[in-house]
Amino acid sequence: MTTYPKNAETRTFRVVGLPGDGIGPEVYASACRVLSLLEKTHGLAIQLDEQLIGGAAIDATGDPLPQATIDACERSDAALLGAVGGPKWDGNPADKRPELGLLRIRARFNLFCNLRPIVTHPALHSFSPIRPERLENVDLMIVRELTGGSYFGKKWRNDEEAEDVCRYTREEVERVTRAAALIAQQRDRRITLVDKANVLETSRLWRAVASRVIEEEFPDVQMDNMYVDAAAMHLLTRPADFDVMLTENLFGDILSDEASMLCGSLGLLPSASLNGDQFGLYEPVHGSAPDIAGQGKANPYAMLLSVAMMLRHSLGCNEEADTLEQAIHHCWNEGILTTDLRADGFTTSKVTDAVCNRLADTVPA
Ligand code: NAD
């Protein structure tokens with residue numbers, strides 16, 4: 001996770017576009033507009049290769065992750081996904097469910113490192129259920145291991161008993177710890193390892209392996225440990241104290257949803273899932289929101305922040321990522337929000353217009 005794509009110097013990149021279902025294509029259209037503007041204003045060349053995933057792929061090919069989509073990802077630097085799923089496919093058999101496309105792409109490309117930034121912004125404090133004074137200066141990155149633990153361990157159930165095996169290997173812990181440390185080096189150089197080492201053997205392995213990796217390979221990064229129950233409390237009482245939070249799959253799933261409440265709306269939260277070769281799948285945290293699909297009400301900010309993450313983590317375009325985030329923050333300050341946040345809010349395309357206008361005003365000299 002240290003080198004950028006070989007085409008970083010020419011600033012020419014291939015990105016697979018996966019609009020998906022429901023509001024997926026609507027927020028994906030916003031992302032395309034922003035990328036196309038960045039090409040004009042910032043000298044990037046991004047070849048978008050649009051492919052099918054989820055329900056749209058089932059309808060067209062019978063498969064939620066067609067081979068053509070896998071092939072396109074193999075040729076690309078990153079993939080940008082809207083969302084998958086919806087009531088139309090709810091009754092489908094297990095091998096024809098839209099969500100399977102997502103799980104398979106994560107497994108196929110070994111996307112073991114899930115990043116969820118949680119950043120509060122003063123203009124949005126009033127939308128969070130947490131007291132505003134606790135939201136000041138919150139800027140934390142949750143690094144969740146995404147391809148191991150009890151979600152992927154052996155499972156069985158009968159009428160009397162059930163078991164989900166939680167297994168981690170040294171190598172799995174090492175690689176995600178290194179990824180977290182590299183991210184910490186670009187931030188405040190502090191990692192909180194969240195576990196349950198007072199009870200679980202897997203947590204004790206995590207502590208031993210992660211501490212050794214940090215000590216031997218990242219002496220400039222400071223790591224402390226916190227039990228997951230304490231972390232769940234501290235996330236709400238003193239969220240600004242965290243820099244990078246590193247944790248295993250199940251704990252990360254729960255804590256990242258809890259932390260999302262600090263920001264106020266699902267429509268504001270981006271995510272990235274990375275492998276060790278700089279390829280990443282970038283997507284909003286929200287789903288396909290079938291209740292508002294096709295009405296122009298989708299909040300595009302989570303998707304646009306996912307584009308910024310893609311520029312930074314897979315394409316090495318840090319300056320463009322910063323510029324896009326600054327344009328988004330400017331729009332928040334101006335109250336340019338969709339109806340999930342204010343009753344008299346703007347449509348998806350009006351919000352996208354505002355972000356594009358701001359970007360156009362910040363063309364480099
Ligand atoms: P959801 O995130 O789609 O919607 C939850 C609520 O938040 C809805 O009221 C919705 O209108 C609102 N919402 C979500 N995103 C929004 C946005 N950008 N702007 C404005 N409002 C927004 O979750 P759900 O209703 O539980 O799931 C709907 C479908 O999405 C299901 O089929 C589910 O399986 C799927 N899903 C997909 C993903 C993914 O693609 N990564 C993630 C979660 C859920």
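Quick caveat, the model's predicted, so the values are computed rather than measured. Start at 1 and go down the list; that is how both ligands and their atoms are numbered.
- If you check each of Q295, R97, E99 against atom 31 (C) of ligand 1, the one with the closest non-hydrogen atom is E99.
- For D340, the side-chain contact (heavy atoms from CB on, under 4.5 Å) test picks out S265, N299, T338, with sequence neighbours left out.
- Note on R104 versus E99: no salt bridge recorded, every NZ/NE/NH1/NH2 to OD/OE distance being 4.0 Å or above.
- Given atom 12 (C) of ligand 1, the protein heavy atom at minimum distance is A289 CB, 4.4 Å.
- Within the structure, the closest approach of I23 to ligand 1 falls below 4.0 Å when heavy atoms are considered.
- The closest non-hydrogen atom to atom 8 (C) of ligand 1, taken over L81, D291, D21, comes from D291.
- The closest approach between G86 and ligand 1 falls below 4.0 Å for a heavy atom of the residue.
- Those atoms of ligand 1 with a heavy atom of D340 less than 4.0 angstrom away are 20 (C).
- Put simply, the side chain of E248 reaches to within 4.5 Å of the side chain of W206, judged on heavy atoms.
- Every pair passing salt bridge (charged side-chain N to carboxylate O under 4.0 Å, His left out) that includes a residue from residues 193-211 is listed here, sequence neighbours excluded: D195-R207, K196-D229, E201-R204.
- In this structure, N275 contributes its side chain and D277 its backbone to a donor-acceptor pair below 3.5 Å.
- Taking a cut-off of under 4.0 Å to the non-hydrogen atoms of E283, the atoms of ligand 1 that pass are 41 (N).
- In terms of protein heavy-atom proximity, atom 19 (N) of ligand 1 is closest to N299 N, 2.8 Å.
- Counting protein heavy atoms only, atom 42 (C) of ligand 1 is closest to G287 CA, 3.5 Å.
- Listed by atom number, the atoms of ligand 1 under 4.0 Å from L266 heavy atoms are 2 (O), 5 (C), 7 (O).
- Below 4.0 Å from some heavy atom of G85 lie the following atoms of ligand 1, by number and element: 32 (O).
- Using modelled atom types, one side-chain atom of T61 and one backbone atom of D63 make a donor-acceptor pair closer than 3.5 Å.
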